[in-house]
Amino acid sequence: MFDMKWLRANTEIFDNSMVRRGIGPQSTMLIELDDTRRATISSLNDLQEMRNKSSKQIGQAKAQKDEEKAQQLLAEVADLRSKVQAGEEQERQQTQALNDAMLALPNLLADDVPDGEDEEDNVERSKFMEPTQFAFKPKEHYELGEALGMMDFEVSARMSGSRFVVLKGQLALLERALGNFMLNLQTINHGFTEVSAPLLVRSEAMVGTGQLPKFAEEAFQTTDGNWLIPTSEVSLTNLVREQVLSCKDLPLRFASLSYCFRSESGSAGKDTRGMLRQHQFSKVEMVTITTPDKADKTHQDMLGFAEEVFHRLKIPYRTIALCSGDMGASMQRTYDIEAWMPGQNTYREVSSVSKAGDWQARRMNARYRDENGDVQFVQTLNGSGVAVGRLMIAVMENYQQEDGSICVPEALQRYMGDLQVIKVAK
RNA sequence: GGGUGGGUGGCAGAGUGGUUGAAUGCUCUGGUCUUGAAAACCAGCGAGCGCGCAAGCGUUCCGGGGGUUCGAAUCCCUCCCCACCCGCCA
C-alpha cells in the first residue's frame with residue numbers, strides 16, 4: 001500500500017523503484033484510477049449536500065405544520081435518492097479498483113539496494129571463516145542421517161508424501177536443541193520477547209504481511225479458509241495490526257520458534273533430496289516494530305543477531321545484499337545469510353533479514369502516536385534467527401567425521417544433555 | 001453442534017429516526033499553581049475526501065454490504081467477527 005498524496009508528489013521515485021523491480025512504471029495507472037475516483041466523490045458530495053439541505057428544510061416545514069411546503073420540497077428531491085445511490089455504488093467500485101491495484105504492487109526499494117536481475121547479481125557483504133576443510137570427501141546431510149538411522153525420508157513419504165522427513169533419536173534432539181539454543185539467544189541475549197502465537201491465521205493477516213493476494217499458491221489453506229503460516233513473521237507482525245500504539249511502547253521486539261508450512265509449488269524438481277526444502281520446517285523468527293528513524297539501524301542490528309548464531313556454532317557463512325530483481329515483494333531491503341554446506345560444496349540460504357518500511361503497516365493499519373500526538377504508520381522488520389532445518393544441515397555437514405559420526409558444537413552440548421558426538425548406538 | 005448477548009472515537013462507555021461527529025470518564029497536549037514534581041483547576045484533543053493562499057466551508061465514516069425513509073449510529077435483511085452459557089473433546 002502506498003500513500004496517494006505521497007505518490008502524486010513523488011512519481012519519479014515511485015516509478016524508479018517499480019522499474020528496478022522489473023514491472024515498469026505504475027504511477028500513471030494509479031493516478032488515473034484515483035482521479036476518476038475523486039471526480040466521482042466530488043460530484044457525489046454535491047448531490048449529498050443538496051439532499052441534506054432539503055431534508056433539513058423538510059424537517060423544519062413539518063415542525064411548523066406547513067404540510068404544503070413540505071410536499072413541495074419532497075417533490076423536488078424525489079429523484080435525488082437514486083442519483084446518490086448510483087454515485088455511492090460507483091465510488092465503491094472505483095475505490096475497490098484502486099485498492100486492488102495497490103495491493104498487487106511490491107514495496108519500494110531502499111536506495112542502497114544493488115541493481116540486478118536475479119541472484120547472480122546479489123552482492124556479497126561479508127564472510128565468516130573459510131569453508132571447512134576435510135581430509136576425506138564430505139557427505140551430504142541425508143547420507144549421514146540415513147546411515148545413522150536417525151533420518152528417514154521413506155517412512156515420511158509413506159504417510160505424508162514428498163518434502164517431509166522423520167527424525168529420530170539424537171537427530172530429533174539436535175533439531176530441538178538448535179531451536180532452543182537460538183530462541184534463548186534472541187530472547188535472553190538480544191532482548192526479544194518470546195511469543196507463542198497461532199500457526200493458523202485468517203486471510204486478512206496474510207494480506208497484512210504481503211503473502212496475499214499475490215502468493216496464495218505458495219501457502220496451504222485449510223478447508224475453513226484459514227492459512228497455515230509460511231513463516232511466523234505473519235503471526236508476529238500481525239500482533240500489532242489495527243492498533244494505535246504509543247511511541248513510548250516502541251520498539252516492540254518479538255521472537256518465536258514455530259513450525260512453518262510452504263507448498264513449494266513453484267520449485268518442483270528443485271532440492272528434492274534431503275531436508276533443505278520441506279513443506280514443514282521450524283524456524284526462529286525475529287520481528288521488530290519501530291519508528292522510521294530507527295528502522296535502518298534496527299535492520300543492521302537484526303542481521304548481527306542472526307549472524308551471532310553462526311559465530312557461536314562456528315559455522316562458515318557469507319552475508320549477501322539481495323539485488324533489486326531477487327528481492328521479495330514485501331521488502332525494501334533484504335540481507336541473506338548463507339551457510340557453508342560441505343556436502344553440496346556451496347553456500348545455501350539459512351537466514352533472511354528484511355526491512356519492510358511502512359508497507360506492511362499500511363496493509364495492517366498498524367500505527368503509533370508520535371511525540372506530537374500525530375498518528376503515523378509503524379515500521380516493520382523481520383528476520384530469521386535462523387531456520388532450524390537448514391541450520392541443522394550445516395551443523396551435520398560441517399561437523400561430520402570420516403566414520404559418519406557428527407560432533408556436537410560446544411555451544412549446543414548443554415542443550416543435548418552434554419552429548420558430544422552423534423553416532424550409531426551400539 | 002445448540003442457545004443468548006454484543007460490535008460506537010487512542011481506551012472505557014452513553015446514545016433507539018431529525019443541529020449527535022457522537023454525552024461522560026480516562027489517556028494525551030497546552031496553560032494556571034509549585035523550588036521541582038504530583039494533585040487540583042482551566043482549555044484543547046478522531047479520520048478520509050473535495051474546494052480555498054489561508055481562516056474556513058462542504059461531505060463521508062458508529063464491524064462489512066444491502067434495504068426502508070425526505071432524513072439512519074438508531075428500524076429491517078444479510079455476511080463477518082467477538083463474548084458468555086450448554087453439549088462434545090485435548
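In what follows, every chain begins at residue 1, and chains take the letters A, B, ... in the order their sequences are listed.
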Between [N] and [M], how far is it from one [atom1] atom to the other, in whole Å?
| N | M | atom1 | value |
| --- | --- | --- | --- |
| B:G52 | B:C57 | C1' | 9 Å |
| B:A37 | B:G31 | P | 11 Å |
| B:U8 | B:G46 | C1' | 12 Å |
| B:G5 | B:C62 | P | 23 Å |
| B:G21 | B:U74 | C1' | 14 Å |
| B:C82 | B:U29 | C1' | 33 Å |
| B:G2 | B:C88 | P | 15 Å |
| B:U59 | B:C81 | P | 36 Å |

As an exercise, state the distance from CG of A:Leu322 to CG of A:Leu109, rounded to the nearest 0.5 Å. 11.0 Å
[N] [atom2] sits how many Å from [X] [atom1], rounded?
| X | N | atom1 | atom2 | answer |
| --- | --- | --- | --- | --- |
| A:Asp3 | B:G48 | CG | C1' | 11 Å |
| A:Asn365 | B:G48 | CG | P | 11 Å |
| A:Leu47 | B:C70 | CG | P | 17 Å |
| A:Asp370 | B:C45 | CG | C1' | 14 Å |
| A:Glu91 | B:C61 | CD | P | 10 Å |
| A:Arg369 | B:G10 | CZ | P | 7 Å |
| A:Asn45 | B:C57 | CG | C1' | 12 Å |
| A:Arg362 | B:A47 | CZ | C1' | 14 Å |

Is the phosphate of [N] approached by [X] (side-chain N or O, under 4.0 Å from OP1 or OP2)?
| X | N | value |
| --- | --- | --- |
| A:Asn52 | B:G18 | no |
| A:Arg51 | B:U69 | no |
| A:Lys5 | B:G48 | no |
| A:Arg37 | B:U60 | no |

Residue matched to [N] through Watson-Crick or wobble contacts both under 3.5 angstrom:
| N | answer |
| --- | --- |
| B:C49 | B:G58 |
| B:U20 | none |
| B:G5 | B:C82 |
| B:G44 | B:C28 |
| B:A37 | none |

Taking the side chain from A:Arg262 and the backbone from A:Pro230, do they hold a donor-acceptor pair closer than 3.5 Å?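 Side chain of A:Arg262 to backbone of A:Pro230: a pair is present.
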Give the nucleotide from the list B:G67, B:G58, B:C28 with an atom nearest to the side chain of A:Gln85. B:G67
Output the single nucleotide from B:U68, B:C49, B:G50 whose closest atom is nearest the side chain of A:Ile41. B:C49
A:Val386 and A:Ser351: which non-hydrogen atoms are nearest, and at how many Å?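 Distance-wise, the nearest heavy atoms are CG1-CB, 3.7 Å.
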Can you see whether A:Phe181 has A:Arg312 sitting over its ring - NZ or CZ less than 6.0 Å from the centre and within 45° of the normal?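 No, A:Arg312 does not sit over the ring of A:Phe181.
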Are A:Arg8 and A:Asp35 within salt-bridge range, i.e. N to O under 4.0 Å?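 Salt bridge between A:Arg8 and A:Asp35, a charged N being under 4.0 Å from a carboxylate O: yes.
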Name the residue closer to the 5' end of RNA chain B, choosing between A:Arg367 and A:Asp46 according to the nucleotide with the nearest heavy atom.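 Nearest nucleotide further toward 5': that of A:Arg367.
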Between A:Val375 and A:Arg202, who's closer to the 5' end of RNA chain B by nearest nucleotide? A:Val375
Select base, sugar-phosphate, or nothing to describe what A:Ser42 touches, counting heavy atoms under 4.0 Å on all strands.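 Answer is sugar-phosphate: A:Ser42 comes under 4.0 Å of backbone atoms only.
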Which is true for A:Glu89 with a 4.0 Å heavy-atom rule: it touches a base, it touches only sugar-phosphate, or it touches nothing?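 Since only primed, P, OP1 and OP2 atoms lie under 4.0 Å of A:Glu89, the category is sugar-phosphate.
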Indicate the ring-plane relationship of A:Phe153 and A:Tyr142, choosing parallel, tilted or perpendicular according to the 30° and 60° boundaries.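 A:Phe153 vs A:Tyr142 ring planes: perpendicular.
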Distance flag, aromatic centroids of A:Phe220 and A:Phe261, threshold under 6.0 Å: no
